[in-house]
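Only heavy atoms go into these numbers, but all of them, side chains included; no hydrogens, no water, no symmetry mates.
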Amino acid sequence: MKSDKTDLNFHAGHRQRLRQKFLDGHLAEYELLELILSFVIPRRDVRPLARGLIAHFGSIYQILTAPIDDLQNFKGIGYNTAIFLKAICHLMITGCKFKLAEQPIFHNEQILTNYCILKLSGKTVEEFHVLYLDMNMRLIADDLHSIGTIDWTPVFTRDIVKRALDLSARSVVLMHNHPTPNTSFSTTDIEMTESVEKALAQFDIELYDHYVVSGGIVYSARNMFLLKQIHNIAN
């Protein structure tokens with residue numbers, strides 16, 4: 001039978017190996033989560049917990065963006081651990097936002113996609129955000145435009161245009177979430193996007209894209225050719 005000292009030595013060695021694998025860039029997703037958890041749960045084997053969290057939530061992104069109550073309801077995750085995970089999410093959001101303000105968003109659209117997921121994935125009601133960009137396509141501001149219900153949120157086109165003019169924005173990105181997983185743009189979403197695009201165009205402001213976040217997936221109106229379709233309808 002192994003002694004407690006032997007167990008502690010094993011865990012210490014295992015965690016050191018995890019740290020080295022991280023430095024070498026060879027960690028699997030569950031191992032990365034295990035490494036993160038080891039800093040806040042230092043005296044327990046967190047491998048089963050890391051695997052269980054990924055099996056339950058689906059990915060590290062979905063774990064970090066899950067509501068804090070959902071995290072605490074998972075067996076093995078206490079208040080301090082839940083706060084720790086949400087703090088990491090907040091740091092990632094801050095990092096993405098800094099990059100979006102530092103360089104044109106099209107230089108690395110994956111950063112914008114990550115930002116959308118981190119901001120909106122895991123929300124239980126719809127939120128509508130508007131990103132305002134300068135003449136060089138860099139982020140000026142991210143406004144929480146409105147909060148709605150599980151399947152609807154109000155959009156005030158006039159307010160978006162006014163805010164864009166106040167900020168001297170040259171482009172706008174819309175983003176909102178669908179709490180129901182794997183649901184892309186609805187007909188109402190497309191009609192609303194058309195309305196915002198037409199209103200902005202009157203002031204020579206471009207609607208660059210509209211993103212919908214659903215179930216950890218980001219749907220892009222531009223990539224789905226919805227903006228082109230809307231433009232053709234508008235003209």
Which pairs of donor and acceptor atoms, one on a side chain in residues 72-80, lie under 3.5 Å apart (sequence neighbours left out)?
from : atom 1 : to  : atom 2 : distance (Å)
N73  : ND2    : D69 : O      : 3.1

Check [X] against [Y] and note the closest heavy-atom contact, atom names and distance.
X: T65; Y: I117; value: CG2-O, 3.6 Å
X: S214; Y: P181; value: OG-C, 3.3 Å
X: R15; Y: P42; value: NH1-O, 2.7 Å
X: L200; Y: A164; value: CD2-CB, 4.3 Å

Are [Y] and [X] connected in a single hydrophobic cluster, I mean Ile/Leu/Val/Met/Phe/Trp/Tyr linked by side-chain heavy atoms less than 4.5 Å apart?
X: V46; Y: L27; value: yes
X: V218; Y: L144; value: no
X: L71; Y: I36; value: yes
X: V173; Y: V130; value: no
X: I63; Y: F22; value: yes

Quick one: pull up [atom1] in [X] and [atom2] in [Y] and give me the separation to the nearest 0.5 Å.
X: L120; Y: E126; atom1: CG; atom2: CD; result: 10.0 Å
X: M137; Y: Q103; atom1: CE; atom2: CD; result: 12.5 Å
X: F128; Y: M192; atom1: CZ; atom2: CE; result: 4.0 Å

I would like to know whether S184 and M224 meet side-chain contact (heavy atoms from CB on, under 4.5 Å); could you show each step before the answer? CA-CA 10 Å; S184 183; M224 295 172 70; 3.4 Å; yes
Do the side chains of [Y] and [X] get nearer than 4.5 Å, heavy atoms only?
X: Q202; Y: V161; answer: no
X: I140; Y: L133; answer: no
X: I205; Y: L165; answer: yes
X: L37; Y: L53; answer: yes
X: R44; Y: L49; answer: yes
X: R19; Y: L35; answer: yes
X: D143; Y: H129; answer: no
X: R138; Y: E102; answer: no

Using only atom types and a distance under 3.5 Å, with no angle test, would you say the side chain of [X] pairs donor to acceptor with the backbone of [Y]?
X: S59; Y: Q62; value: yes
X: D134; Y: L139; value: no
X: S220; Y: Y211; value: no

H176-H145 aromatic ring centre distance below 6.0 Å: no
Could you list all the salt bridge (Lys or Arg N to Asp or Glu O under 4.0 Å) pairs where at least one residue sits in residues 206-216, not counting sequence neighbours? E206-R222
From CA spacing to verdict: side chain to side chain donor-acceptor pair (under 3.5 Å), T183, H178: CA-CA 7 Å; T183 53; H178 287 172; 3.2 Å; yes
Worked check of side-chain contact (heavy atoms from CB on, under 4.5 Å) between E194 and I190: CA-CA 6 Å; E194 175 187 353; I190 295 172; 5.7 Å; no
Please tabulate, for side-chain N and O atoms in residues 150-160, each donor-acceptor pair with protein atoms closer than 3.5 Å (sequence neighbours left out).
from : atom 1 : to   : atom 2 : distance (Å)
D151 : OD1    : T149 : OG1    : 3.3
T153 : OG1    : S146 : OG     : 3.0
T153 : OG1    : G148 : N      : 3.4

Solution key, residues 105-116 side-chain donor-acceptor pairs under 3.5 Å, sequence neighbours excluded:
from : atom 1 : to   : atom 2 : distance (Å)
N108 : OD1    : Q110 : N      : 3.2
E109 : OE2    : Y208 : OH     : 2.5
Q110 : NE2    : N114 : OD1    : 2.9
T113 : OG1    : E109 : O      : 3.1
N114 : OD1    : Y61  : OH     : 2.8
N114 : ND2    : Y61  : OH     : 3.4
N114 : ND2    : Q110 : O      : 3.3
Y115 : OH     : D142 : OD2    : 2.6

Using distance only, find each side-chain donor-acceptor pair of residues 82-100 under 3.5 Å and give its atom names and separation, not counting sequence neighbours.
from : atom 1 : to  : atom 2 : distance (Å)
K86  : NZ     : L64 : O      : 2.9
K86  : NZ     : A66 : O      : 2.8
T94  : OG1    : H90 : O      : 3.0

When you look at L207 and K198, which way does the side-chain contact (heavy atoms from CB on, under 4.5 Å) test go after all the steps? CA-CA 9 Å; L207 177 60; K198 290 170 67 176; over 6 Å; no
Taking side chain to side chain donor-acceptor pair (under 3.5 Å) as the cut-off, I'd like each qualifying pair that reaches into residues 27-40, sequence neighbours left out, listed once. H14-E34, K21-E31, Y30-R51
